[in-house]
Amino acid sequence: MKEQYHAQTIESELQAYWQSSQAFRCEHKEAQEKYYCLAMFPYPSGQLHMGHVRNYTIGDVLARYHRLQGKNVLQPMGWDAFGLPAENAAIKNNVAPAKWTRLNIENMKAQLQRLGFSYDWSREIATCEPDYYRWEQWFFTRLMEKGMAYKKTSAVNWCPNDMTVLANEQVVDGGCWRCDTPVERKEIPQWFIRITDYADELLSDLDKLDDWPEQVVTMQRNWIGKSEGAEISFQLKQAVAGHENISVFTTRPDTLFGVSYLGLALEHPIALELAENNPELADFIKKYSNKTTAEADIATMEKLGMATGISVIHPLTGGDIPVWLANFVLMGYGSGAVMSVPAHDQRDWEFAQKYNLPIKQVIDCKDIDYDLKKAALTNKGTLVNSDAFDGMDFTQSLEGIVKALEEKKAGRKQVNFRLRDWGVSRQRYWGAPIPVINCSDCGAVPVPEKDLPVVLPVDVEFSGVASPIKSMDSFIKTSCPCCGKDAERETDTFDTFMESSWYYARFACPDFDKGMLSTEADYWTPVDHYIGGIEHAILHLLYARFFHKLMRDEGLIHSDEPFQKLLTQGMVLKDGAKMSKSKGNTIDPQELIDRYGADTVRLFIMSDVPPEQSLEWSDAGVEGANRFLKKFWQTVFSFHQSLQSNNLVAIETENLNDRQKSLRKQTHASIKKASDDIERRHTFNTAISSIRELVNAINRFNIEESTKEQDIAVLNEAVVSALQLMQPITPHYSSHLLSALNVSANSWPVYDDSTQTESSQEFAVQVNGKVRAKIQTAIGVDKETLEKLALEQDNVQKYLEGLSVRKVIIVPNKLVNIVAN
RNA sequence: GCGCCAGUGGCGGAAUUGGUAGACGCGCUAGAUUUAGGUUCUAGUGUCUUUGGCGUGGGGGUUCAAGUCCCUCCUGGCGCACCA
């Protein structure tokens, strides 16, 4: 072996070998336990960034670890290739999105290979390939036939200057990012998939996801947002354009007697009707209608309202309730109208203060200090000022009030979800064409299976910012599959979340051309471990769960959930902020690989923090990782030298001296800790710490002439174990050094518990919870002896002076706490 | 605004089930090696008014015992449905 560590040489040798031998290709093997490890595939932006390096190193460490445990490991890689950036590049640089994307994929693939990730490249998928999206189109036509896909109008951001739809990201301070023109909301017809039909199952199956981070499960639960309450109908005093009632949903029917006003969304049909004959209302709606579709913006806007002049009748008291327009009421949630109870809802309270509306208390809470002059009382409590319901608690009053409403046909219990149906239409070019033909007689007709895929024309030029296929007659003009009449193709494309919702299953059978999925999908899925950024905790992961259930109900797959375990990695930060081009704080992984080699980069990115936490970039940390590898190389080199002139004999466990026993103890402690940290805890940073402790012990160990043979035997075990433990993290380095030591680089060291036996044990002795002494005792010492020994300690006596002992608490193998006063 | 998460030495972090706070690394200090810088090696390194106190963002609580559990406040991060 070489005396110096040359990362570039050993890495390129091994990578060439892995490639030529197709070392990580895998296939269905019934007898072997399978392990499907998947890291979220990247958008091919052109350059790998540190977030990718982190994501894919975590995946590769897990894949390599499980391969070393003898499992049949599938670790695929592909490209989430459709999306907005390709169009922006096309507009800016006049390059076709398909070509730009292909070049980016080539570049990033080379970078991934240079990092030594153990992918089965024979399964590579790019979602922009017709072979992939044809099955997505086919699946959508199945959803149309089942009534799971439907068309309705819905709002988009519209730039009146560019005459184009903008993504939320393209709206900057209410204006178009290209021309600053104030953005308008525009209602256009779009396709939706009924995810709300699966809301209950998506919610209840969260309970099956035991190996998902609790925070992700909680976020999904809140996003679906099931709430139980009542639908209450308020009769209008005078009908408006055929409407006789205003219906609201509330989770607090117990507060019905405290209603001060009803709030209407500005897009509510009654609001629009009233505005026809009332210029002030029309003005208000025009001025304060949401210009944006982003909920965060709507929720942070100033809450504004205007009285409409009409009123409704309280269903139980018969009293008059005024109707207001309120810009914070969302048309898309519930019925687009709310009942407002200022005394018991903080937002309503603030609105009432602002517009001088009555605040009527109907709930009392004896055990809470509150002041309705300062804030709303939002806790549940006992009803007051509520006629027959006074004195009832929440549950009693809910039953009673709903019953009273039912008798008057003015309400009923209702379950409401926050979740909305999934809008999948995009008015953009670089996406999978929606497989629909619009016929003036037959309506929206799904493209028949024999005509799929509807191929996206790739040889296009962007003359403006709009999608080129929207004006491409050769694409648009066709005939109706039903009646044969001239008809037009849909020119919208799918949301790119569609492609990323089922790619994990397609990796099982990427070349299958008889259908969307083959039976291989049931062998490989569910994914055993899915790894990706926490930013995907809700949308992507919810859509993928939904798609899995849709595919199951189509008979394509036979499990309920796509991802067994989920690991959500944190961000890579520099100077406290997420690395991004716009902030100019990026570190180019390629430069680091060129300078230090892939193993150093992999080691550093796994060293500092557990994967879930955000990682603060540190140049010194990379240096440190490289120094560790160089230093240990020297150690292995000199050990390799001594092996040349000495026999390697077996360890004689009965004949070891204390130094030798102590090294073995560290060796096996590190094996145990690193194995558990990688497999169960996924705390790679502590696994690495434990390997470093082993290496420190190896460096401290001197070979002595008198016990040379056994010294070399235990040292060999320690060095080989350290290298084997490092295999998943620094595969080139470990593999190279293990073969230099004539050890085959494909096994994991076996932990031996007998190395950990102790002749004595230590207890900490506390007085009133503070450590005052440490004592050594025999193993299995009895309680009385231990207590006596603890009390005898000089320092313990000192702190007990003038006190009497009340209680002694013994924590087995750990400590003795003497309680005294 | 709403939902979720995090906060521990000079810095990144460790403490796995309520049981000895600071593992491992970075940095720093001193010494050795070196023509010098760098490298490498050895020792030390929470803090203070040091026979002992104090210390896990602030305040309060539960407990024999709290970084860990509860309440509350502050700060930072992620998401909010058309970035992916």
Side-chain angles (χ1 to χ4, degrees), chain A residues 40-43 45 80 82-85 88 156-157 165-171 190 195 213-223 225 293-301 303 328 332 347 418-428 495-497 500 533-540 542-543 568 570-571 573 576-578 607-610 612-621 623-625 627-628 630-631 634 673 676-677 680-681 683 685-686 688-693 696 762-766 768-771 774 798 806-809 811-815 817-820:
Chain A
M40 291 178 185
F41 65 167
Y43 176 79
S45 59
D80 190 12
F82 278 135
L84 207 46
N88 293 331
V156 293
N157 303 306
V165 173
L166 299 175
N168 283 341
E169 188 190 55
Q170 298 173 313
V171 179
Q190 308 197 64
I195 191 171
E214 194 58 45
Q215 67 160 302
V216 175
V217 172
T218 307
M219 279 193 271
Q220 290 219 349
R221 184 171 288 125
N222 292 337
W223 183 263
T293 58
E295 202 195 307
D297 295 334
I298 296 169
T300 48
M301 279 180 331
K303 313 284 179 285
F328 58 86
R347 197 174 58 181
R418 211 187 71 98
L419 184 67
R420 310 198 291 261
D421 276 340
W422 178 11
V424 295
S425 293
R426 296 293 179 271
Q427 297 68 43
R428 281 191 262 286
D495 177 8
T496 57
F497 275 125
S500 56
I534 184 68
E535 67 273 20
H536 297 293
I538 297 175
L539 290 179
H540 161 61
L542 189 65
Y543 290 141
T568 48
M571 317 247 127
L573 312 175
K578 183 181 176 176
S607 285
D608 259 22
V609 286
E612 292 86 355
Q613 286 183 33
S614 52
L615 181 149
E616 180 71 31
W617 185 260
S618 146
D619 293 329
E623 283 282 354
R627 190 182 313 143
F628 170 75
K630 284 196 289 197
K631 228 171 105 176
Q634 291 303 316
K673 173 104 177 103
D676 187 48
D677 284 352
R680 181 180 62 90
R681 301 208 314 150
T683 51
N685 57 325
T686 53
I688 291 166
S689 287
S690 155
I691 295 168
R692 293 183 92 126
E693 284 182 277
N696 289 345
E762 189 182 76
F763 280 84
V765 183
Q766 298 181 331
N768 291 330
K770 293 212 184 320
V771 179
K774 289 187 180 173
K798 195 173 125 192
R806 299 292 171 203
K807 198 159 50 161
V808 178
I809 287 156
V811 182
N813 307 319
K814 288 221 166 92
L815 60 79
N817 187 16
I818 300 161
V819 185

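Sequence lines set the chain letters: A, B, ... in the order given, protein chains first and strands last, and positions in each chain run from 1.
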- Query: What nucleic acid atoms does A/R347 come within less than 4.0 Å of, heavy atoms only: base, sugar-phosphate, or nothing?
  - Reply: nothing
- Message: Which heavy atom of A/I195 sits nearest to which heavy atom of A/D421, and what is that distance?
- Response: N-OD1, 3.1 Å
- For A/T686 and A/D677, does a side-chain donor sit closer than 3.5 Å to a side-chain acceptor? yes
- Base, sugar-phosphate, or nothing for A/A537, non-hydrogen atoms under 4.0 angstrom? nothing
- Message: Regarding A/L573, tell me which of base, sugar-phosphate or nothing describes its non-hydrogen contacts under 4.0 Å with the strands shown.
- Response: nothing
- Please tell me which of the listed nucleotides, B/G19, B/C78, B/U20, lies nearest to the side chain of A/M571? B/C78
- Just call it for A/Q634: base, sugar-phosphate, or nothing, with non-hydrogen atoms closer than 4.0 Å on any strand. nothing
- Query: Any side-chain N or O of A/R418 under 4.0 Å from OP1/OP2 of B/G3?
  - Reply: no
- At under 4.0 Å between heavy atoms, what does A/V609 touch on the DNA or RNA strands: base, sugar-phosphate, or nothing? sugar-phosphate
- Message: Counting the atoms with a prime plus P, OP1 and OP2 as sugar-phosphate, which does A/V156 contact under 4.0 Å by heavy atoms, base, sugar-phosphate, or nothing?
- Response: base
- Message: Pick the closest RNA chain B nucleotide for A/I534 and for A/P610 by heavy atoms, then say which residue is nearer the 5' end.
- Response: A/P610
- Quick one: label A/N168 by what it contacts on the DNA or RNA (base, sugar-phosphate, nothing), any heavy atom closer than 4.0 Å. sugar-phosphate
- Nearest-angstrom distance, C1' atom, B/C28 to B/G79: 40 Å
- Geometric class of the A/F497/A/H540 ring pair [parallel <30°, tilted 30-60°, perpendicular >60°]: parallel
- Note on the structure: Glycosidic torsion of B/G58 (syn if within 90° of 0, anti otherwise) classifies it as anti
- Here the gap from A/E535 atom CD to A/M40 atom CE, rounded to the nearest 0.5 Å, amounts to 7.5 Å
- Message: Can you tell me if A/N685 touches the phosphate of B/A14, counting only side-chain N or O atoms and a distance under 4.0 Å to OP1 or OP2?
- Response: yes
- Message: Under 4.0 Å, heavy atoms only, any strand: does A/W223 hit a base, just the sugar-phosphate, or nothing?
- Response: base
- Message: With rounding to the closest Å, how many angstrom separate the P atoms on B/U68 and B/G61?
- Response: 15 Å
- Message: Let's test this: given Watson-Crick or G-U wobble pairing with both distances under 3.5 Å, identify the partner of B/U34.
- Response: none
- Would you indicate which nucleotide in B/G19, B/C24, B/C82 comes nearest to any side-chain atom of A/R426? B/C82
- Task: With heavy atoms under 4.0 Å as the rule, sort A/H536 into base, sugar-phosphate or nothing.
- Result: base
- Closest to the A/A167 side chain, choosing from B/C64, B/A21, B/C83: B/C83
- Message: Using atom C1' in both nucleotides, what's the gap between B/U20 and B/G67 to the nearest angstrom?
- Response: 14 Å
- Query: Which part of the nucleic acid, if any, lies within reach of A/G83 when heavy atoms closer than 4.0 Å are counted: base, sugar-phosphate only, or nothing?
  - Reply: sugar-phosphate
- Task: Go through the N and O atoms of the side chain of A/K630 and the base of B/U39, and report whether any donor-acceptor pair is under 3.5 Å.
- Result: no
- Using a heavy-atom cut-off of under 4.0 Å over every strand shown, decide if A/K774 touches base, sugar-phosphate, or nothing. base
- Message: Using a distance-only criterion (donor-acceptor N/O pair, under 3.5 Å, no hydrogens), is the base of B/C26 paired with the side chain of A/E616?
- Response: no
- For atom P, what is the distance between B/A66 and B/G57, given to the nearest Å? 15 Å
- Query: Which whole-number value in Å describes the distance from A/R420 CZ to B/C80 P?
  - Reply: 12 Å
- Exercise: identify the closest heavy-atom pair between A/G769 and A/N817: N-OD1, 3.0 Å
- Task: Could you work out the separation of B/A14 and B/C82 based on their C1' atoms and round it to a whole Å?
- Result: 43 Å
- Message: Is there a side-chain contact between A/R681 and the phosphate of B/U16, meaning an N or O under 4.0 Å from OP1 or OP2?
- Response: no
- At under 4.0 Å, does any side-chain N or O of A/T496 touch on OP1 or OP2 of B/A84? yes
- Applying the 3.5 Å cut-off to both distances, the Watson-Crick or G-U partner of B/G44 turns out to be B/C28
- B/C54 and B/G59: how far apart are their P atoms, nearest whole angstrom? 15 Å
- Task: Could you tell me whether the phosphate oxygens of B/U51, OP1 or OP2, come under 4.0 Å of any side-chain nitrogen or oxygen in A/K798?
- Result: no
- Note on the structure: Closest non-hydrogen contact found for A/P213 with A/T568 is CG-OG1, 3.8 Å
- Message: Nearest whole Å is fine: how far is B/C78 C1' from A/L615 CG?
- Response: 16 Å
- Query: Is a side-chain donor or acceptor of A/R418 paired with a backbone partner of A/W223 at a separation under 3.5 angstrom?
  - Reply: yes
- Kindly say whether A/R426 contributes a backbone atom to a donor-acceptor pair with the side chain of A/D495 at under 3.5 angstrom? no
- Query: B/U20, B/A23, B/G19: which one has an atom nearest the side-chain heavy atoms of A/E693?
  - Reply: B/A23
- Query: Is any side-chain N or O of A/N696 closer than 4.0 Å to OP1 or OP2 of B/G25?
  - Reply: yes
- Task: Drop me the distance from A/E295's CD to A/T300's OG1, to the nearest 0.5 angstrom.
- Result: 10.0 Å
- Query: Does B/U50 have a Watson-Crick or wobble partner in any strand here, with both distances under 3.5 angstrom, and which is it?
  - Reply: none
- May I ask you to say what A/A625 touches in the nucleic acid, namely base, sugar-phosphate or nothing, with a heavy-atom cut-off under 4.0 Å? nothing
- Message: Closer than 3.5 angstrom, by distance alone: can the side chain of A/Q220 be matched with the main-chain N or O of A/A537 as a donor-acceptor pair?
- Response: yes
- To the nearest angstrom, the CD-C1' distance between A/Q220 and B/C78 comes to 14 Å
- Sugar-phosphate only, base, or nothing, as touched by A/F328 at under 4.0 Å among non-hydrogen atoms: nothing
- Message: Give me the distance, rounded to whole Å, that separates B/U33 from B/G22 when you measure between the P atoms they each carry.
- Response: 35 Å
- Message: Classify A/Q427 by what it touches in the nucleic acid, base, sugar-phosphate, or nothing, heavy-atom distance under 4.0 Å.
- Response: base
- Item | Residue matched to B/C2 through Watson-Crick or wobble contacts both under 3.5 angstrom | B/G79
- Query: A/N157 side chain N/O closer than 4.0 Å to the phosphate oxygens (OP1, OP2) of B/C82?
  - Reply: no
- Message: Can you identify which nucleotide, out of B/C41, B/C82, B/G19, has its nearest atom closest to the A/D495 side chain?
- Response: B/C82
- Counterpart base for B/A14, defined by Watson-Crick or G-U wobble contacts under 3.5 Å: none
- Item | Nearest-Å distance once atom P is located in both B/C78 and B/A30 | 41 Å
- Message: OP1 or OP2 of B/C26 versus the side-chain N and O atoms of A/R627: is any pair under 4.0 Å?
- Response: yes
- Where each residue is assigned the nucleotide of RNA chain B containing its nearest heavy atom, which of A/V216 and A/L815 is assigned the position nearer the 5′ end? A/V216
- Query: Out of B/A14, B/U20, B/G3, which nucleotide sits closest to the side chain of A/N222?
  - Reply: B/G3
